[in-house]
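This report refers to the structure that appears directly beneath it.
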Amino acid sequence: MDILHINNIKKTLQKTTILTDLSLTVKKAEILTLVGPSGSGKTTLLRCINRLIDPDQGTIHYHENDIKNIPVVSLRKEIVLVPQETYMLPGTVYDNIAYGQNLQGYKDEAVIKQSLTDAGLDRSFLTKDAMKLSGGEKKRVSLARALAINPKILLLDEPTNGIDPKVLVTVEKNIIDFARKRNLTILWVTHNIDQATRVSDRIANLKEGTITEVQRAQEFQWGSAY
Ligand SMILES: Nc1ncnc2c1ncn2[C@@H]1O[C@H](COP(=O)(O)OP(=O)(O)O)[C@@H](O)[C@H]1O
Ligand SMILES: [Mg+2]
(Lines give C-alpha, C1' and ligand atoms only; values in the text may rest on other atoms or scores of the structure.)
(Ligands and ions follow the chains in the order given, each with its own letter.)
Protein backbone atom coordinates (compact mmCIF):
# COMPACT_ATOMS: atom_id res chain seq x y z
CA MET A 1 0.00 0.00 0.00
CA ASP A 2 1.21 3.50 -0.81
CA ILE A 3 1.29 6.13 1.93
CA LEU A 4 2.72 9.16 0.13
CA HIS A 5 2.22 10.30 -3.45
CA ILE A 6 4.33 13.19 -4.66
CA ASN A 7 3.15 14.28 -8.09
CA ASN A 8 5.07 16.57 -10.42
CA ILE A 9 6.07 19.10 -7.82
CA LYS A 10 8.06 22.17 -8.67
CA LYS A 11 9.70 24.65 -6.32
CA THR A 12 11.54 27.85 -7.12
CA LEU A 13 13.43 29.72 -4.41
CA GLN A 14 14.78 33.19 -5.12
CA LYS A 15 14.34 32.70 -8.85
CA THR A 16 16.29 29.43 -8.86
CA THR A 17 14.39 26.28 -9.70
CA ILE A 18 15.22 23.79 -6.96
CA LEU A 19 12.70 21.02 -7.64
CA THR A 20 11.50 20.31 -11.18
CA ASP A 21 8.68 17.97 -12.01
CA LEU A 22 9.54 15.70 -9.12
CA SER A 23 7.41 12.61 -8.55
CA LEU A 24 7.87 9.88 -5.99
CA THR A 25 5.64 7.28 -4.35
CA VAL A 26 6.47 5.98 -0.89
CA LYS A 27 5.07 2.66 0.33
CA LYS A 28 3.71 2.16 3.83
CA ALA A 29 6.30 0.80 6.28
CA GLU A 30 9.22 0.95 3.86
CA ILE A 31 12.57 2.59 4.46
CA LEU A 32 13.31 4.65 1.37
CA THR A 33 16.62 6.46 1.25
CA LEU A 34 17.11 9.57 -0.80
CA VAL A 35 20.60 10.01 -2.17
CA GLY A 36 22.06 12.65 -4.44
CA PRO A 37 24.68 15.36 -4.60
CA SER A 38 24.81 18.30 -2.23
CA GLY A 39 22.42 20.99 -3.40
CA SER A 40 20.24 18.61 -5.42
CA GLY A 41 17.14 19.46 -3.40
CA LYS A 42 16.85 16.67 -0.83
CA THR A 43 16.24 18.97 2.15
CA THR A 44 13.86 21.11 0.10
CA LEU A 45 11.81 18.02 -0.74
CA LEU A 46 11.51 16.99 2.94
CA ARG A 47 10.49 20.55 3.84
CA CYS A 48 7.69 20.40 1.26
CA ILE A 49 6.40 17.10 2.67
CA ASN A 50 6.29 18.59 6.17
CA ARG A 51 4.79 21.85 4.86
CA LEU A 52 7.56 24.11 6.09
CA ILE A 53 7.30 25.29 2.50
CA ASP A 54 4.75 24.58 -0.22
CA PRO A 55 5.56 23.59 -3.80
CA ASP A 56 4.64 26.12 -6.51
CA GLN A 57 3.09 23.39 -8.62
CA GLY A 58 2.11 19.76 -8.20
CA THR A 59 0.57 17.91 -5.29
CA ILE A 60 1.53 15.76 -2.31
CA HIS A 61 -0.99 13.25 -1.04
CA TYR A 62 -0.77 11.52 2.34
CA HIS A 63 -2.95 8.44 1.92
CA GLU A 64 -5.78 9.89 -0.18
CA ASN A 65 -5.58 13.43 1.17
CA ASP A 66 -3.87 16.42 -0.37
CA ILE A 67 -1.63 17.62 2.47
CA LYS A 68 -2.76 21.19 1.81
CA ASN A 69 -6.16 20.16 3.18
CA ILE A 70 -4.80 18.68 6.40
CA PRO A 71 -4.38 21.09 9.34
CA VAL A 72 -0.63 21.60 9.79
CA VAL A 73 -0.63 20.50 13.46
CA SER A 74 -2.33 17.20 12.56
CA LEU A 75 -0.03 16.68 9.60
CA ARG A 76 3.05 17.21 11.77
CA LYS A 77 1.82 14.66 14.27
CA GLU A 78 1.78 12.02 11.54
CA ILE A 79 4.69 13.20 9.38
CA VAL A 80 7.63 14.29 11.51
CA LEU A 81 10.86 15.86 10.29
CA VAL A 82 14.21 15.41 12.00
CA PRO A 83 16.03 18.37 10.47
CA GLN A 84 19.56 18.35 9.10
CA GLU A 85 20.57 21.10 11.51
CA THR A 86 19.99 19.88 15.04
CA TYR A 87 18.64 22.39 17.53
CA MET A 88 18.53 22.00 21.31
CA LEU A 89 16.46 24.20 23.56
CA PRO A 90 17.81 25.36 26.91
CA GLY A 91 16.99 22.69 29.50
CA THR A 92 17.45 19.00 30.04
CA VAL A 93 17.34 16.16 27.55
CA TYR A 94 13.96 15.27 29.02
CA ASP A 95 12.66 18.80 28.31
CA ASN A 96 13.96 18.59 24.78
CA ILE A 97 12.27 15.28 24.04
CA ALA A 98 9.04 16.52 25.64
CA TYR A 99 9.11 19.57 23.38
CA GLY A 100 7.60 17.81 20.35
CA GLN A 101 4.78 16.49 22.53
CA ASN A 102 4.26 19.97 24.02
CA LEU A 103 3.69 21.37 20.56
CA GLN A 104 1.03 18.73 20.14
CA GLY A 105 -0.50 19.66 23.50
CA TYR A 106 0.22 16.59 25.63
CA LYS A 107 2.88 14.86 27.70
CA ASP A 108 3.49 11.13 28.03
CA GLU A 109 6.42 10.39 30.30
CA ALA A 110 6.66 6.66 29.54
CA VAL A 111 6.86 7.38 25.80
CA ILE A 112 9.52 10.05 26.38
CA LYS A 113 11.70 7.55 28.25
CA GLN A 114 11.14 4.82 25.68
CA SER A 115 12.02 7.19 22.83
CA LEU A 116 15.33 8.00 24.47
CA THR A 117 16.16 4.29 24.63
CA ASP A 118 14.98 3.73 21.05
CA ALA A 119 17.28 6.52 19.90
CA GLY A 120 20.20 4.73 21.54
CA LEU A 121 20.80 6.77 24.70
CA ASP A 122 20.51 5.41 28.23
CA ARG A 123 18.28 6.81 30.96
CA SER A 124 21.12 8.73 32.62
CA PHE A 125 20.82 11.27 29.79
CA LEU A 126 17.35 12.42 30.83
CA THR A 127 18.61 14.92 33.38
CA LYS A 128 21.65 16.14 31.42
CA ASP A 129 21.92 19.67 30.05
CA ALA A 130 21.00 19.30 26.36
CA MET A 131 23.19 22.20 25.28
CA LYS A 132 26.28 20.47 26.63
CA LEU A 133 25.90 17.22 24.70
CA SER A 134 28.17 16.19 21.83
CA GLY A 135 26.95 16.63 18.24
CA GLY A 136 26.14 12.95 17.91
CA GLU A 137 24.23 12.90 21.20
CA LYS A 138 22.21 15.93 20.13
CA LYS A 139 21.34 14.12 16.88
CA ARG A 140 19.95 11.25 18.93
CA VAL A 141 17.95 13.55 21.22
CA SER A 142 16.53 15.13 18.07
CA LEU A 143 15.54 11.67 16.87
CA ALA A 144 14.01 10.81 20.25
CA ARG A 145 11.99 14.05 20.15
CA ALA A 146 10.50 12.94 16.84
CA LEU A 147 9.82 9.38 18.05
CA ALA A 148 8.03 10.65 21.14
CA ILE A 149 5.27 12.00 18.90
CA ASN A 150 4.73 8.47 17.55
CA PRO A 151 4.73 9.49 13.89
CA LYS A 152 3.51 7.44 10.93
CA ILE A 153 6.17 8.82 8.60
CA LEU A 154 9.61 9.92 9.72
CA LEU A 155 11.60 12.28 7.51
CA LEU A 156 15.25 11.90 8.46
CA ASP A 157 17.65 14.48 7.01
CA GLU A 158 21.14 13.01 7.33
CA PRO A 159 20.32 11.64 10.80
CA THR A 160 23.69 10.11 11.58
CA ASN A 161 25.96 13.01 10.63
CA GLY A 162 28.36 13.67 13.46
CA ILE A 163 27.71 10.31 15.07
CA ASP A 164 30.84 8.42 16.09
CA PRO A 165 31.63 5.78 13.41
CA LYS A 166 31.96 3.20 16.19
CA VAL A 167 28.28 3.52 17.09
CA LEU A 168 26.97 4.43 13.63
CA VAL A 169 25.82 0.94 12.73
CA THR A 170 24.18 0.56 16.15
CA VAL A 171 22.24 3.78 15.67
CA GLU A 172 21.15 2.61 12.21
CA LYS A 173 20.01 -0.68 13.75
CA ASN A 174 18.06 1.20 16.42
CA ILE A 175 16.29 3.21 13.76
CA ILE A 176 15.46 0.12 11.69
CA ASP A 177 14.29 -1.78 14.79
CA PHE A 178 11.85 0.85 15.98
CA ALA A 179 10.63 1.39 12.41
CA ARG A 180 9.82 -2.30 11.99
CA LYS A 181 8.28 -2.48 15.47
CA ARG A 182 5.95 0.41 14.80
CA ASN A 183 5.24 -0.11 11.09
CA LEU A 184 6.85 3.24 10.54
CA THR A 185 7.58 4.61 7.08
CA ILE A 186 10.93 6.37 6.73
CA LEU A 187 12.20 8.74 4.09
CA TRP A 188 15.89 8.92 4.92
CA VAL A 189 18.34 11.37 3.33
CA THR A 190 21.94 10.21 3.37
CA HIS A 191 25.23 10.95 1.68
CA ASN A 192 26.66 7.65 2.74
CA ILE A 193 26.39 4.96 0.05
CA ASP A 194 27.24 2.17 2.47
CA GLN A 195 24.56 3.40 4.83
CA ALA A 196 21.97 3.53 2.04
CA THR A 197 22.84 -0.04 1.10
CA ARG A 198 22.58 -1.20 4.72
CA VAL A 199 19.30 0.44 5.72
CA SER A 200 17.14 0.73 2.59
CA ASP A 201 14.28 -1.23 1.18
CA ARG A 202 14.49 1.09 -1.82
CA ILE A 203 16.83 3.87 -2.88
CA ALA A 204 15.80 7.00 -4.82
CA ASN A 205 18.32 9.18 -6.58
CA LEU A 206 17.67 12.92 -6.66
CA LYS A 207 19.62 14.83 -9.24
CA GLU A 208 19.19 18.45 -10.29
CA GLY A 209 15.83 18.71 -8.60
CA THR A 210 14.18 15.57 -9.88
CA ILE A 211 14.10 11.85 -9.09
CA THR A 212 16.12 10.04 -11.74
CA GLU A 213 15.93 6.50 -10.43
CA VAL A 214 14.13 4.44 -7.78
CA GLN A 215 15.25 0.88 -7.20
CA ARG A 216 15.29 -1.85 -4.62
CA ALA A 217 18.53 -1.51 -2.69
CA GLN A 218 20.09 -4.65 -4.22
CA GLU A 219 19.40 -3.42 -7.75
CA PHE A 220 20.36 0.21 -7.41
CA GLN A 221 22.90 1.29 -10.04
CA TRP A 222 25.39 3.44 -8.15
CA GLY A 223 27.13 4.29 -11.42
CA SER A 224 24.25 6.52 -12.43
CA ALA A 225 24.00 8.27 -9.06
CA TYR A 226 25.87 11.47 -8.26
N1 LIG B 1 15.62 29.41 1.19
C2 LIG B 1 16.38 29.25 0.09
N3 LIG B 1 16.54 30.28 -0.78
C4 LIG B 1 17.28 30.13 -1.91
N5 LIG B 1 17.90 29.00 -2.26
C6 LIG B 1 17.78 27.96 -1.44
C7 LIG B 1 17.02 28.02 -0.22
N8 LIG B 1 17.08 26.81 0.40
C9 LIG B 1 17.86 26.05 -0.40
N10 LIG B 1 18.29 26.72 -1.47
C11 LIG B 1 19.13 26.19 -2.58
O12 LIG B 1 18.46 25.08 -3.12
C13 LIG B 1 19.36 24.08 -3.52
C14 LIG B 1 18.97 22.77 -2.90
O15 LIG B 1 19.17 22.85 -1.50
P16 LIG B 1 18.87 21.65 -0.53
O17 LIG B 1 17.48 21.21 -0.72
O18 LIG B 1 19.28 22.08 0.81
O19 LIG B 1 19.85 20.54 -1.12
P20 LIG B 1 20.43 19.20 -0.47
O21 LIG B 1 19.70 18.96 0.81
O22 LIG B 1 20.21 18.14 -1.49
O23 LIG B 1 21.89 19.43 -0.25
C24 LIG B 1 20.74 24.57 -3.12
O25 LIG B 1 21.35 25.11 -4.27
C26 LIG B 1 20.45 25.65 -2.10
O27 LIG B 1 21.45 26.63 -2.13
MG1 LIG C 1 20.29 18.82 2.74
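Whatever order the structure lists them in is the order used to number ligands and atoms, beginning at 1.
- In this structure, Gly36 has no heavy atom closer than 4.0 Å to ligand 1.
- Listed by number with element, the atoms of ligand 1 under 4.0 angstrom from any heavy atom of Pro37 are 22 (O).
- Under the salt bridge (Lys or Arg N to Asp or Glu O under 4.0 Å) criterion, Lys181 pairs with Asp118, not counting sequence neighbours.
- At a cut-off of 2.8 Å, Gln84 is counted among the residues with an N, O or S atom near the Mg ion (ligand 2).
- A distance of 9.0 Å separates CZ in Arg198 from NZ in Lys173, rounded to the nearest 0.5 Å.
- Counting atoms of ligand 1 from 1 in the listed order, those under 4.0 Å from a heavy atom of Ser38 are 23 (O).
- Gly41 N, 3.3 Å is the protein heavy atom nearest to atom 19 (O) of ligand 1.
- Within 6.0 Å of the CD atom in Gln84, the count of heavy atoms belonging to other residues, nucleotides or ligands exceeds 12.
- In this structure, the protein non-hydrogen atom closest to atom 18 (O) of ligand 1 is Thr43 CB, 3.5 Å.
- Using a non-hydrogen distance threshold of 4.0 Å, Thr16 does not register as a contact of ligand 1.
- Both the backbone and the side chain of Thr44 come within 4.0 Å of ligand 1, counting heavy atoms alone.
- Side-chain N/O atoms of Ser124 and Asp122 include a donor and acceptor closer than 3.5 Å.
- In this structure, Asn161 CG and Thr190 OG1 are separated by 7.5 Å, a value rounded to the nearest 0.5 Å.
- Paired with Asp56 under the rule salt bridge (charged side-chain N to carboxylate O under 4.0 Å, His left out), one option of Lys15, Lys11, Lys10 passes, and it is Lys11.
- Note on Lys27 versus Asp2: no salt bridge recorded, every NZ/NE/NH1/NH2 to OD/OE distance being 4.0 Å or above.
- Taking every heavy atom of Ile18 and a limit of under 4.0 angstrom, the matching atoms of ligand 1 come to 11 (C), 12 (O), 13 (C), 14 (C).
- Sparse packing is recorded around CD of Glu64, with 12 or fewer heavy atoms of other residues, nucleotides or ligands lying under 6.0 Å away.
- Comparing heavy-atom distances from atom 20 (P) of ligand 1 across Cys48, Gly209, Gly39 singles out Gly39 as nearest.
- The residues Asp201 and Arg180 are annotated as salt-bridged, a charged nitrogen and a carboxylate oxygen being separated by less than 4.0 angstrom.
- Among the atoms of Ser38, none of the N, O or S atoms falls under 2.8 Å from the Mg ion (ligand 2).
- Residue contacts with ligand 1, taken as heavy atom pairs separated by less than 4.0 Å, involve Gln14 solely via side-chain atoms from C-beta onward.
- Checking atom 27 (O) of ligand 1 against the protein gives no heavy-atom contact under 4.0 Å.
- Here CD of Glu30 is found 12.0 Å from CG of Leu184. Values are rounded to the nearest 0.5 Å.
- Among protein heavy atoms, atom 2 (C) of ligand 1 sits closest to Leu13 CD1, 3.6 Å.
- Between Gln84 and ligand 1, a contact under 3.5 Å exists for no N or O pair.
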